[in-house]
A.B. asks: 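Sharing a structure, written as structure tokens. Questions coming.
This one's a predicted model, so the numbers in the text were calculated from it and none came from an experiment. Below, all heavy atoms of this structure are taken into account, side chains as well, without hydrogens, waters or symmetry copies. Naming: A, B, ... by sequence-line order, numbering from 1 per chain.
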Amino acid sequence: MSADAGTAERSRVDVLLEQMGADLDRGLVPAEVFNDPSVYERELRQVFGRCWVYIGHESELPDPGDYHVRMIGEDPFVFVRDEAGVIRVLLNSCRHRGSVICRVDSGNTSHFRCPYHAWTYKNDGSLIGVPARQNGYRALDMEEWGLIPAAQVDSFHGLVFATLDPHAPSLHDYLGKFRWYLEMQVALTKGGMEVLGEPHRWLIDADWKSGAENFTGDSSHTQMTHRSLLEVGIADQAGAGKTGKAHGLHVNECDGHAISMRVLAEGEERWFDYPKELRVQFEQGALNEAQLDLVRRGVVHDGTVFPNMSFIHFSAREDIELPARPFLSIRTWQPRGPGHMEVWSWVLAPREASPEFKESVYRAAMASFSPSGAFEQDDAIVWNGVARTGGSLAAELQGIRFNYQMGMPGMGDAEPLADWPGPGTAWPSNSGESGLRTFHRRWFEQMTAPAPGAASPVEDKE
Amino acid sequence: MDMSAIDDSALADFYHREAEYLDDNELHNWLALLAPDVQYRVPVRAVRERGVTATDSDFTDRANFLWENIGTLRTRIRRLDSEFAWAERPPTRTRRLVTNIRRREPASGETGSETGALTNIAVYCYRGSSPTPVVLTGQRTDTLRLVDGELRLANRLVHLDSTVLGLHALSIFL
């Protein structure tokens, strides 16, 4: 590529972002952000190179030496529990000449040995062996040449995150006030949640942002995209029916993250259809009364931790002759090139649940949110279309903007709640796209943030 | 009539008929080929370290793309009957090649009424106007049972060769 072409490409993304800054206030987002090489290149650096991203759950590494290969942006990292029990996130690359040291998805090992020249590392990343050291590497400082760890690694109730930016705020501050909502998903019981089995992984010809924005609270797509489930009775009206003030709650402007909740009326109980023996434990867990109330009335909670980690706490029928079963699904929308993503999806259940109950959780989740899931099958189809339009010449030449105005002032019939007990801005209706606007505002601010290290507090405002 | 009356040709006929029903989207006819107590599973493959023990496998019984019985398969097919099941509107065009049919002793030991069978499958999937198919390949480990003189699928385990599904939705059966 010539220098001129490089300059032209950089200016293209800058022009697009400049336009987007003005459009966002009107609830509009340029179509091209969903499929454009220059946008993609920028977001790998600005978003995935600098934000905290979800790596995995502590329960996936029960024993020392257990490891899985996980992604930050498009870069592979080894998610491993070392011999001392410390969880590490290490670049899957030999320090000698860059060959991949871990060529499988999962395993258990005390050491990683590079197949190229046999540089050997302990599972905490420290270098302990190089070939012909006495003849060729007598002065090599072994301490200096360990595997490269992510700049920061931390966890929240078993959820392990990492960032490549040493200047990023702490995970505590990054999750911010949204921790209040995450606790309702992963801290229901004293033991917390446990991942069941290996993740589902599949490719979709859609941008990672389509999944991420949808889970912030795209409540109005369910009655069309997922209409077949309502027809057959896999899900009910409270869980996936029409939007409005009956069941819907949206919370946005929560430190860049957002959640949608469908809950029953005050005084009614649903508990995501968890059975009584577990409900009792929820009441003895870490949740305060306001959080517990949202779980007690909870039909579905779904949200996104910026940038690409989403969750859904829900229940569904895998067999319409049988009752609905609860489940928690956590997923990451991994970027795999402009207009392409790989979805990774995990099923979780309370650690205290019986093996039989965990099996029912797994089956309910697989039957609804997985590549074969009754919900998720149809999401992939509609998201493909977004990327296709985003990558079209028409999107550029005709300046196509997508509409995120649902529920905005002058559009919606709901006002933010003044007496909401939790953080963020809460709306007593899910006939809106406030969470999606929060997502795109946060994305825009990250894309236009000053260089790493410069002080740049990101304010989440709509 | 017992299993000794089912020769290799009759076994192949069963698999060809099954593939025809699935390729032609005659899912209710396919359901009729299943035993009422059918167990149908497509586990997730994750590439693991090998060589620690001879039984190391990429598969566990904890993670599955499909983990079905007759009730859940009926529910899936009833949903696919809906005109709003977008993943199959329009339907995926599939062509199933079923080969390398091998008879095995049935796991139950009931050789009179059941037989085991291994088959290789290649399923070519075309969606939209793409000229390039997504191809799923794998090995199926089946138990077939004679019910009133007809072969019925009583158990199926599909070991896919891929770890990451290239298909954006697994809305077909294997």
A.B. asks: Tell me, out of A/I320, A/I204, A/V232, who's got the most heavy-atom pairs with chain B below 4.5 Å.
C.D. replies: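 Looking at each of A/I320, A/I204, A/V232 in turn, A/I320 comes out on top.
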A.B. asks: When heavy-atom pairs shorter than 4.5 Å are enumerated against chain B, which of A/A206, A/A374, A/G107 gives the highest number?
C.D. replies: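 Ranked by heavy-atom pairs under 4.5 Å with chain B, first place is A/A374.
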A.B. asks: Which of the residues A/V382, A/I381, A/V343 is involved in the greatest number of heavy-atom pairs with chain B at under 4.5 angstrom?
C.D. replies: A/I381
A.B. asks: At a heavy-atom separation under 4.5 Å, does A/L322 approach chain B through its side chain, its backbone, both, or neither?
C.D. replies: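 Neither part, no heavy atoms under 4.5 Å.
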A.B. asks: For chain A and chain B, give me every donor-acceptor pair shorter than 3.5 Å, distances to one decimal.
C.D. replies:
| residue | atom | partner | partner atom | Å |
| --- | --- | --- | --- | --- |
| A/Y67 | OH | B/E49 | OE2 | 2.9 |
| A/D105 | N | B/V47 | O | 2.7 |
| A/D105 | OD2 | B/V47 | N | 2.7 |
| A/S106 | N | B/V47 | O | 3.2 |
| A/N108 | N | B/E49 | OE1 | 3.4 |
| A/E198 | OE1 | B/T60 | OG1 | 3.0 |
| A/E198 | OE2 | B/R48 | NH2 | 3.2 |
| A/H200 | NE2 | B/N64 | O | 2.6 |
| A/R201 | O | B/L165 | N | 3.0 |
| A/W202 | NE1 | B/H168 | O | 3.4 |
| A/L203 | N | B/L165 | O | 2.9 |
| A/M224 | O | B/W86 | NE1 | 3.0 |
| A/T225 | O | B/W86 | NE1 | 3.3 |
| A/S228 | OG | B/R79 | NH1 | 2.7 |
| A/E231 | OE1 | B/S82 | OG | 2.9 |
| A/I320 | N | B/T75 | OG1 | 3.0 |
| A/Y362 | OH | B/N64 | N | 2.8 |
| A/Y362 | OH | B/N64 | O | 3.2 |
| A/R363 | NH2 | B/W67 | O | 3.2 |
| A/P371 | O | B/L170 | N | 2.8 |
| A/S372 | O | B/R76 | NH1 | 2.6 |
| A/S372 | OG | B/F65 | O | 2.6 |
| A/S372 | OG | B/R76 | NH2 | 3.3 |
| A/Q377 | OE1 | B/R79 | NH2 | 2.7 |
| A/D378 | OD1 | B/W86 | N | 3.2 |
| A/D378 | OD1 | B/A87 | N | 2.8 |
| A/D378 | OD2 | B/R79 | NH1 | 2.8 |
| A/N384 | ND2 | B/H168 | ND1 | 3.3 |

A.B. asks: Any idea which of B/V44, B/L66, B/V47, B/L73 has the most non-hydrogen atom pairs under 4.5 angstrom with chain A?
C.D. replies: B/V47
A.B. asks: Sort out for me which of B/G166, B/A63, B/G128 touches chain A most, counting heavy-atom pairs under 4.5 Å.
C.D. replies: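 Of B/G166, B/A63, B/G128, B/A63 has the most heavy-atom pairs under 4.5 Å with chain A.
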A.B. asks: Test side chain to side chain contact (heavy atoms under 4.5 Å, CB included) on B/L165 and A/L203 and set out the steps.
C.D. replies: CA-CA 6 Å; B/L165 271 186; A/L203 302 176; over 6 Å; no
A.B. asks: For B/L167, is it the side chain, the backbone, both, or neither that has a heavy atom closer than 4.5 Å to a heavy atom of chain A?
C.D. replies: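 The backbone, not the side chain.
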A.B. asks: Taking side chain as everything from C-beta outward and backbone as N, CA, C, O, which of these in B/V164 sits under 4.5 Å from a heavy atom of chain A? Side chain, backbone, both or neither.
C.D. replies: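 Both parts, backbone and side chain.
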A.B. asks: So, using salt bridge (Lys or Arg N to Asp or Glu O under 4.0 Å) as the criterion, who are the partners of A/D82 when residues are at least two apart?
C.D. replies: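 Listed in chain order: A/R88.
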